[in-house]
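This report concerns only the one structure given below.
Predicted model only: the values in this text are computed from it and were never measured. The first residue in the sequence is number 1, and the count goes up from there. One-based numbering, in listed order, for ligands and for the atoms of each. Every heavy atom of this structure was used, including side-chain atoms; hydrogens, water molecules and symmetry mates were not.
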Amino acid sequence: MSSASLTSKLATEEQKLLACIHCGLCLEACPTYVITGDENDGPRGRLYLMRAVGEGKLSNESRAFERHIDRCLGCRACEQVCPAGVEYGQLLEAARAELFTAATQRGLGYKALRFALQHIWLQPARLKFAFAIARMIRGSGFAGLLLKTGLARILSRRFEFGLALLQSSSPESGRRFDPEGTRAHETPRVLAPSNTPAPQSKVCATKNPAAALLFSGCVGEGLFSRVNRATVRVLEVNGVEVRIPEEQVCCGALHAHAGDLAGARALARQNISAFSHTENVPVVTNAGGCGAMLASYGHLLSGDETFAPAARTFSERIRDVSQQLKLVGSNAGSSITTKPITYDASCHLLYGQHAGEAPLEMLGSISQLNFARLEGSERCCGGAGIYNLLEPELSREVLAEKLANIRATGAQVLATGNPGCQMQIGAGALLAGMNLRICHPVELLDESYARAGFYKQDGSTT
Ligand code: SF4
Ligand code: SF4
């Protein structure tokens, strides 16, 4: 493949590429650079490579270009510390788009990824079926048996980690605190806020009437539907009327991160149409990765004459559930445990959606929370979509630092706002034998609302 095609892909981003002043301030923020110490595994080196290919000084089929672009987590931590405002995420997307077109010359893992993205993820019925199979394997106990007996590891470490990822998405892994017999699979009914039996001191005097459309996500609905249900209950308790458009599809983050921009754009157009009938209503997500992707539709479709204006408007409507709660104000919930709870920030929630404080404030609505601060919470966990399966060694090293920091907090519960992070940290904790519950912050708030009496199990009203 000629380097001219990369030049054309990066042509509209040229000014962003040239903006780098090579100061190196981003290096220490970059998890892959910190681990390998290789300049080409840092943002500055990767920008050099992109520029060299763009200028025709390096072939876009060169091993160095492929290797170091592939080894980027896409966490965007480098963007936050860059004094020149280099929009690294968009440049990475363009470089990966070029590599994606050369996928036929790449390894088996990337070929499998390409097949899955094009023939499963773009077909909602097939994707639904694939997640049904995944849930069946997860619930059968077979995956757990392979892990416990060590057979999975004998087959391959990558296979073992894949099974651990699946296991860590199970409702059991995100189990409730359960002293009063509330089972995780039960779905409590939401009482109208005006009917809540909670003490008056716990309830905001007035609530802004609000509405929201929930983006439920493919992995979200496929493996973490409990988080979606908790999100709806928590929003409704706080006066937000929630609807879930049925025509929505995957956000396209996996496609964009893999360089399949055509696939990502096709999904983006479908989502914009699915959420278009109520244009003034915010689109709420509970997945940092999806939220950052949805918020980037304006950029993704900037060259699409038909969809560009709608894509910009759509991106402005995206909010994490914590940001929506901050806006409307949230009721206080009861205490759920005295055990220490810690929080890990999803990179895309933090750097893509700029939701640093809102999730912590959401946790702050839980009475008497024993919060343990996590050192390096802002650093990537190594999940990064399916980076953990494509670049397992480097991913494991990034994860090892995260697990060590979690151990140091003494926490037995970790909350994080992205299913990929939940699975990555959960799989690492599972294989390391750690006693750690991983869940979404909104699940904890949901539980504290259940304790406060906001929900009833029998569906009756008071
Ligand atoms: S996105 Fe993350 S891994 Fe990639 S260069 Fe930036 S800081 Fe490093
Ligand atoms: S901090 Fe920004 S300007 Fe400095 S080397 Fe990194 S990307 Fe370039």
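Ion pairing between a basic and an acidic side chain is recognised when a charged N comes within 4.0 Å of a carboxylate O; Lys402 and Asp344 show such pairing. Under a 4.0 Å N-O distance rule, the pair Arg373/Glu375 qualifies as a salt bridge.
Not one N/O/S atom of Cys75, from backbone or side chain, sits under 2.8 Å from atom 4 (Fe) of ligand 1.
Those atoms of ligand 2 with a heavy atom of Gly24 less than 4.0 angstrom away are 4 (Fe), 5 (S). Ligand 2 places these atoms under 4.0 Å from at least one heavy atom of His22: 5 (S), 8 (Fe). Atoms of ligand 2 lying under 4.0 Å from at least one heavy atom of Cys23, given by number and element, are 1 (S), 3 (S), 4 (Fe), 5 (S). The atoms of ligand 2 that sit less than 4.0 Å from any heavy atom of Cys20 are 3 (S), 5 (S), 7 (S), 8 (Fe). Atoms of ligand 2 lying under 4.0 Å from any heavy atom of Pro83, numbered from 1 in the order shown and given with element: 1 (S).
The nearest heavy-atom contact from the protein to atom 2 (Fe) of ligand 2 is Cys82 SG, 2.3 Å. Nearest protein neighbour of atom 5 (S) of ligand 1, counting heavy atoms only, is Arg46 NH1, 3.2 Å. Considering only non-hydrogen protein atoms, atom 3 (S) of ligand 2 sits nearest to Ile21 N, 3.3 Å.
Within a 6.0 Å sphere centred on CD of Gln123, heavy atoms belonging to other residues, nucleotides or ligands number more than 12.
Between Gly42, Ala77, Cys78, it is Cys78 that holds the heavy atom closest to atom 6 (Fe) of ligand 1.
Tested against Phe314, the residues Phe307, Phe215, Tyr297 include a single ring-ring contact (aromatic ring centres under 6.0 Å, His included) partner, Tyr297. Each of Val53, Asn40, Leu99 was evaluated against Ile69; a single residue qualifies, Leu99, per the side chain to side chain contact (heavy atoms under 4.5 Å, CB included) test.
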